[in-house]
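We count ligands from 1, going down the list as the structure has it; atoms in each ligand are counted the same way.
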Amino acid sequence: MKTESNNQRGAWGSRLAFVLAASGSAVGLGNIWKFPYVVGENGGGAFVLIYLICVFVIGTPIMLAEFTLGRKTSLNPVGAFDQLKPKSPWTGIGYMGVLAGFLILSFYGVVGGWTFAYVAKSISGSVLAFPSPKEAGEFFGNFIGNTGEVLFYHALFMATNIAIVIRGVKGGIEKACNILMPTLVVILFLLMIRSLTLDGAMEGVAFYLTPDFSKINGSVILIALGQAFFSLSLGMGAMITYGSYLSVKENLTSCTVYVVMFDTLIALLVGMVIFPAVFAMGLEPTEGPGLVFSVLPTVFADMPMGHGVAVIFFLLLAIAAITSGISLLETVVAYFIDQRGWDRKRAVLIVGLVIFALGVPSGLSFGVMGDVKLFGMNFFDHVDNIASNYLLPLGGMFTAIFVGWVWGTKNAHEEIEKHENKFHFPWAQCWEFLIRYITPVAVGIVFIAKILP
Ligand code: PFF
């Protein structure tokens with residue numbers, strides 16, 4: 001086994017670089033594609049409020065725990081647990097994380113490919129040619145069922161991820177995020193200004209910001225918690241891996257706060273782009289997963305300057321998908337570099353190609369393999385379900401138990417306070433209480449509720 005002396009690992013060049021990369025991991029399809037449609041389906045403002053509570057009470061403590069494990073050990077998730085409790089079953093959490101990264105990227109890469117395709121199709125204008133979401137939805141359905149096109153864009157997305165990660169932490173991931181994350185913020189602000197200045201935009205703002213608590217029930221809370229987890233990239237050790245490249249000088253608590261704020265702010269801003277536009281054009285926000293791919297193109301088609309807006313919107317989606325995709329790939333790659341002693345180039349190429357191959361049946365799940373179903377779900381849905389609904393919550397719960405009770409909050413506290421960084425009263429006590437009691441119980445409830453029929 002190799003340790004931190006392994007020169008294939010790398011390190012962040014600065015704290016800002018780390019915050020941008022970790023925010024890049026967090027801000028992804030979860031924020032731009034999923035968040036608006038779950039808000040739309042679950043009653044708007046009230047859901048947003050519950051989501052925020054989940055982010056701050058459950059997500060934030062786990063993120064700090066993951067950063068701390070990574071920074072303490074300078075290792076990938078498997079190595080991190082193994083170093084702190086050698087040869088114990090706790091290493092299994094690390095393996096679960098690496099497996100989750102593998103599985104998530106296999107289908108995330110497919111959707112990433114769709115975003116690349118929609119950049120091309122919005123430039124050519126073909127996605128804007130439809131009078132209503134119904135036709136735009138049919139166009140989308142035909143596209144994701146077209147084997148050649150889907151595989152081409154899927155391969156392009158994975159090749160982009162491989163090209164970035166192969167250049168290493170500083171030369172690849174850091175450089176890409178330094179350019180892509182500010183670009184994403186600028187694009188988002190431009191879109192928001194366009195959206196909010198449309199006639200009738202305020203109706204969408206009201207839907208988004210006025211809580212209607214009659215819409216809240218148990219299952220809505222579960223969806224909000226699951227969304228917080230996925231959106232913050234928690235439960236699979238991506239944040240352990242990114243934390244492992246961080247210098248001991250840096251303040252882990254402030255990094256955690258920045259990343260959580262960044263991810264949350266982006267999700268909230270995306271809502272400010274999408275709901276005003278949807279309402280201004282007289283459409284419904286309850287479209288489900290097709291909201292971004294079927295409803296928005298119709299919105300753009302009707303809007304002044306809509307062609308340009310469509311191109312930059314899909315560019316935003318593609319950028320967000322890449323900066324998350326590279327964190328998924330890096331987590332698996334770090335395992336092979338640290339634990340198996342592979343060099344980076346070999347690890348990235350082999351892991352990238354195998355993940356692409358595993359993603360092929362997911363890519364074909366809406367076309368030629370559409371009829372291959374088990375328990376009513378296609379291949380894509382199964383991989384998504386196993387990874388997002390089982391591996392991530394389990395990983396998050398066990399990480400909280402490990403840090404709260406096994407490795408211990410005292411050790412974690414020491415790591416957080418290294419280099420004269422202070423973890424003051426009452427925040428430290430608050431975090432200890434949340435990570436030991438609230439987080440494991442809350443995630444456990446979500447998990448059990450999910451597996452119950
Ligand atoms: N946080 C990403 C998103 O919101 O799209 C998805 C993700 C990335 C989940 C990395 C988990 C992960 F480790």
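Using bins of under 30°, 30° to 60° and over 60° for the plane-to-plane angle, the ring pair F300/F314 lands in the perpendicular bin. Classified by interplanar angle (parallel below 30°, tilted 30° to 60°, perpendicular above 60°), the ring pair W114/F380 is parallel. Note: F18 and W12 have tilted aromatic rings, judged against thresholds of 30 and 60 degrees for the angle between ring planes.
At the shortest separation from atom 7 (C) of ligand 1 among protein heavy atoms lies S233 OG, 3.7 Å. Here the heavy atom of the protein found nearest to atom 9 (C) of ligand 1 is F230 O, 3.5 Å.
By the 3.5 Å distance cut-off applied to N or O atoms, S25 is counted among the residues near ligand 1. For a threshold of 3.5 Å applied to N or O pairs, the pair formed by G30 and ligand 1 contains at least one separation below that value.
A heavy-atom distance below 4.5 Å is found between the side chains of Y118 and F140. Using a 4.5 Å heavy-atom cutoff, the side chains of D343 and I337 are not in contact. Using a 4.5 Å heavy-atom threshold, the side chains of L191 and R194 count as separate.
A salt bridge links E149 to K121: one of the charged nitrogens lies within less than 4.0 Å of a carboxylate oxygen. The residues E250 and K418 are annotated as not salt-bridged, no charged nitrogen and carboxylate oxygen being separated by less than 4.0 angstrom.
Atom numbering of ligand 1 starts at 1 in the shown order; those under 4.0 Å from a heavy atom of A238 are 13 (F). Residue N31 has at least one heavy-atom neighbour below 4.0 Å for each of these atoms of ligand 1: 4 (O). Taking every heavy atom of L328 and a limit of under 4.0 angstrom, the matching atoms of ligand 1 come to 10 (C), 12 (C), 13 (F). Atoms of ligand 1 lying under 4.0 Å from at least one heavy atom of M236, given by number and element, are 12 (C), 13 (F). Proximity to S327 (heavy-atom distance under 4.0 Å) selects the following atoms of ligand 1: 10 (C).
Put simply, part of Y108 is less than 4.0 Å from ligand 1, judged by heavy atoms.
With distances taken over non-hydrogen atoms, the option nearest atom 4 (O) of ligand 1 out of S324, A100, A26 is A26.
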